[in-house]
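Worksheet for the structure shown next.
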Amino acid sequence: MIVAGAGSGKTKVLTTRIAHLMAKGVDSFNILALTFTNKAAAEMKERVEHILKSREARNLYIGTFHSVFARILRSEAHRIGYPNSFTIYDTDDAKSVVKAVTGELNLDVQHYKPNAVYNRISGAKNALVNAKEYMADYGIQQEDMRANRPMIGHIYEAYARRCFKNGAMDFDDLLFKFYELLKHHPEVLHKYQHKFKYIMIDEYQDTNPAQYEIIKLLGAAHENVCVVGDDAQSIYSFRGATIQNILQFQKDYEDAHVIKLEQNYRCTQNILAIANEVIKQNKGQIPKTLFTENETGEKIRLVRTMTDNDEGKFIADAIQELRLRNHYVNKDFAILYRTNAQSRSFEESLRRHSIPYTIYGGISFYQRKEIKDYIAYLRLIVNNQDEEALKRIINYPIRGIGKTSVDRAIMHANEQNISMWQVLESAAMFGFKAGTLQSIEEFVLMIRSFRSMLETKNAYDIAFHVGKQTSFVKELFNDKSTEGVQRYENVQELLNSIKEFVETPTDEENGEVGDKSLAAYLQQIVLLTDSDQKDPDADTVKLMTIHAAKGLEYPVVFVGGLEEGLFPNQMALNTREELEEERRLFYVAVTRAKGRLHLTYANTRYRFGQLVQSDASRFISEIPEQYVDQSFAGGGVKNQSASRWGQGSAFERMQRGFASGSPKEPEKTAVTSLIQNTRPKEVTHTASENFTPSDPATLQEGMRVEHQKFGFGTVLKLEGSAHNPVATIQFEQNGEKKIMLNYAKLMIV
DNA sequence: TTGCTTGACTTTTTT
DNA sequence: AGTCAAGCAA
């Protein structure tokens with residue numbers, strides 16, 4: 001176990017060890033290295049290759065826990081009842097399933113919020129607790145009772161059953177199911193124990209119990225496990241990571257060597273000093289003091305601004321000035337923050353200053369609607385049990401299979417205990433209306449025809465064909481609004497990425513060589529993160545959350561939003577443990593800086609669309625003044641937390657009023673009621689005595705028609721799909737209106 | 001069944 | 001502020 005402080009060269013140690021093992025003759029097939037991001041994995045692979053100057057490194061199993069296990073599950077999943085081409089649900093899919101089964105259990109979705117329930121389930125899985133155990137566990141049940149949500153266990157069970165039925169695993173399942181596979185299939189365990197004779201794990205402080213148990217199983221045969229971690233940088237406990245894994249390590253592996261790396265090669269003395277000072281406030285740490293032989297460096301700059309926009313402006317100004325005076329380039333700068341929502345003000349100010357930037361995190365490429373829709377088609381083709389994908393596209397583009405029909409299909413599926421797809425395949429047996437039935441049959445035929453390509457065509461050909469055959473890509477193309485053009489470009493980019501996937505030669509030669517199937521592609525992309533797709537060397541200022549910045553370093557770092565309630569975050573002020581994790585987060589943020597560090601905070605900031613006032617973060621007051629340059633902007637450290645408006649001022653009372661979310665009573669003032677009444681009044685028309693509706697199919701552009709309510713008019717345009725024809729009519733009394741011909745009654749005059 | 005309006009809700013961090 | 005789902009008119 002290597003306990004390595006920030007900037008002490010963890011990754012270098014790991015890569016060197018791998019290279020060393022291989023130089024000593026260890027077969028690269030026998031080495032497994034697990035990281036937390038694909039990016040870290042790619043980097044490690046590259047570095048090993050660089051050291052060895054050979055392509056031998058390509059046989060290494062280096063990847064994230066999730067991607068490595070997913071890959072193994074791709075060839076072993078059938079043993080635990082899953083199709084090998086199982087779908088991986090991302091968080092959105094998973095929450096959607098939670099919501100669906102909650103509803104089916106007749107529980108109130110308002111009360112059993114999918115988000116909260118999903119987090120609960122996720123937590124259980126990360127602790128290797130299955131639904132049955134969840135319901136039987138007294139402690140867990142007490143917790144749920146106290147939260148007044150006693151039925152979460154049942155939701156968990158239904159959720160797990162549904163995922164299984166859909167042939168789908170969520171992120172946590174990739175660990176949980178892999179664990180179960182090893183646990184219950186000795187021959188599989190044996191196989192991988194002997195394959196992975198050397199196991200290495202980066203960022204060990206962020207592993208959860210599931211990962212821990214898996215490693216214990218895999219490593220049991222050879223007991224050659226090398227972990228690298230830093231308890232002071234443990235920042236993922238919210239997803240089940242526990243520091244216990246580090247503390248427990250020596251007990252589990254009796255002859256484990258512990259090596260401490262305490263020299264920092266990254267930061268200036270000043271930066272390291274404040275990092276050490278702040279982290280000292282935490283009680284639950286392995287005591288160690290990082291030192292550095294680097295120069296003293298500049299003092300830390302602490303800046304207070306009036307508003308969040310001013311904060312953004314200050315940073316943009318500072319970047320401009322530092323670039324000019326010190327010959328920094330854009331990529332030397334990083335702006336770090338606690339929450340993704342903070343990126344907006346920085347983004348705006350950088351754009352105003354024409355400083356190129358890259359934002360990491362937020363909505364990733366694959367989460368965009370048009371991409372998810374496209375991918376849903378591909379998912380359904382590969383795995384037609386995938387109900388989430390099916391629901392997403394069954395009526396996109398609109399083909400007249402609406403909510404009622406979908407609900408009915410789901411009901412039948414549940415009743416018959418078959419998949420929704422199977423219901424659609426034999427739709428004739430379930431009494432759909434004739435029109436709907438025809439639409440369903442056409443849909444089923446189309447998906448089947450796509451599916452028949454799976455055997456013979458590669459991922460790109462299939463995807464291209466799908467785009468051509470369905471009209472939704474054409475729809476995107478025809479949308480010439482800015483967003484529409486962007487969406488179309490995104491779809492093109494998706495196709496490019498598939499093409500690239502197909503054409504890149506596979507690195508591994510582990511029996512899965514050249515797995516260019518659609519299933520392989522789909523399983524790969526869902527595990528990609530934003531950081532994996534963006535080029536870190538591009539000459540742009542980088543914006544990201546502190547979590548995303550872990551493992552990275554920049555010559556100049558700005559940490560924004562150092563305010564009580566934001567950082568430390570309001571949600572993390574309940575227990576000492578939570579607060580200490582926030583402090584570790586601050587530690588991580590600070591130690592990203594090599595040369596210069598700026599800490600900024602704003603007096604007021606918009607949150608939730610409302611102006612809130614906040615005090616300086618407590619972390620600021622934990623920094624000894626000697627390291628801080630306060631002359632910069634904004635003013636001194638002392639008394640900054642005191643309100644500028646004084647206690648009980650009108651402003652403060654106003655703030656409290658807003659903040660406490662006083663019940664909104666939309667008083668109808670004269671003005672609002674006036675506005676509401678400005679809608680053009682329809683001129684009522686009494687239908688002619690001989691009014692008899694004509695067949696809408698006979699309608700032609702330019703015809704004169706009568707509408708029962710709107711009166712006489714001329715047909716300007718006929719549009720809409722065959723299922724839902726729409727006519728634009730210029731009425732003599734009521735102006736231009738769009739009329740749905742399926743419902744409105746028109747008489748041709 | 002569809003498309004628009006309204007109101008509710010959001011923000012912690014991520015594989 | 002911005003997104004999303006439920007509710008309602010056509």
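Quick note on labels: first sequence line is chain A, next is B, and so on, each numbered from 1. What you see is a predicted model; the values in this text were computed from it and never measured.
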Determine which pairs satisfy salt bridge (charged side-chain N to carboxylate O under 4.0 Å, His left out) with at least one residue from residues 35-44 of chain A, sequence neighbours left out, and list them in order. A:Glu43-A:Arg47
For [X], which residues count as a side chain to side chain donor-acceptor pair (under 3.5 Å) partner, sequence neighbours excluded?
| X | result |
| --- | --- |
| A:Glu582 | A:Arg338 |
| A:Arg583 | A:Asn282, A:Glu622 |
| A:Asn126 | A:Asn208 |

If you measure from the C1' atom in B:dT13 to the same atom in C:dC4, how many Å do you get, rounded? 23 Å
Determine the Euclidean distance between corresponding C1' atoms of C:dA5 and B:dT12; express it in Å to zero decimal places. 24 Å
Could you walk me through whether A:Asp93 and A:Val526 pass side chain to side chain contact (heavy atoms under 4.5 Å, CB included), step by step? CA-CA 11 Å; A:Asp93 297 320; A:Val526 59; 5.9 Å; no
Distance below 4.0 Å between A:Thr404 side-chain N/O and B:dT1 OP1 or OP2: yes
Looking at A:Asn119, does any N or O in its side chain come under 4.0 Å of the phosphate oxygens OP1/OP2 on B:dT12? no
Close approaches to DNA chain B from residues 583-590 of chain A, in residue order (heavy atom, under 4.0 Å): none
Sorted by number, residues from residues 234-242 of chain A placing a heavy atom under 4.0 Å from DNA chain B are A:Tyr236, A:Phe238, A:Arg239
Whole angstrom is fine here: how far is it from OH in A:Tyr366 over to P in B:dT14? 19 Å
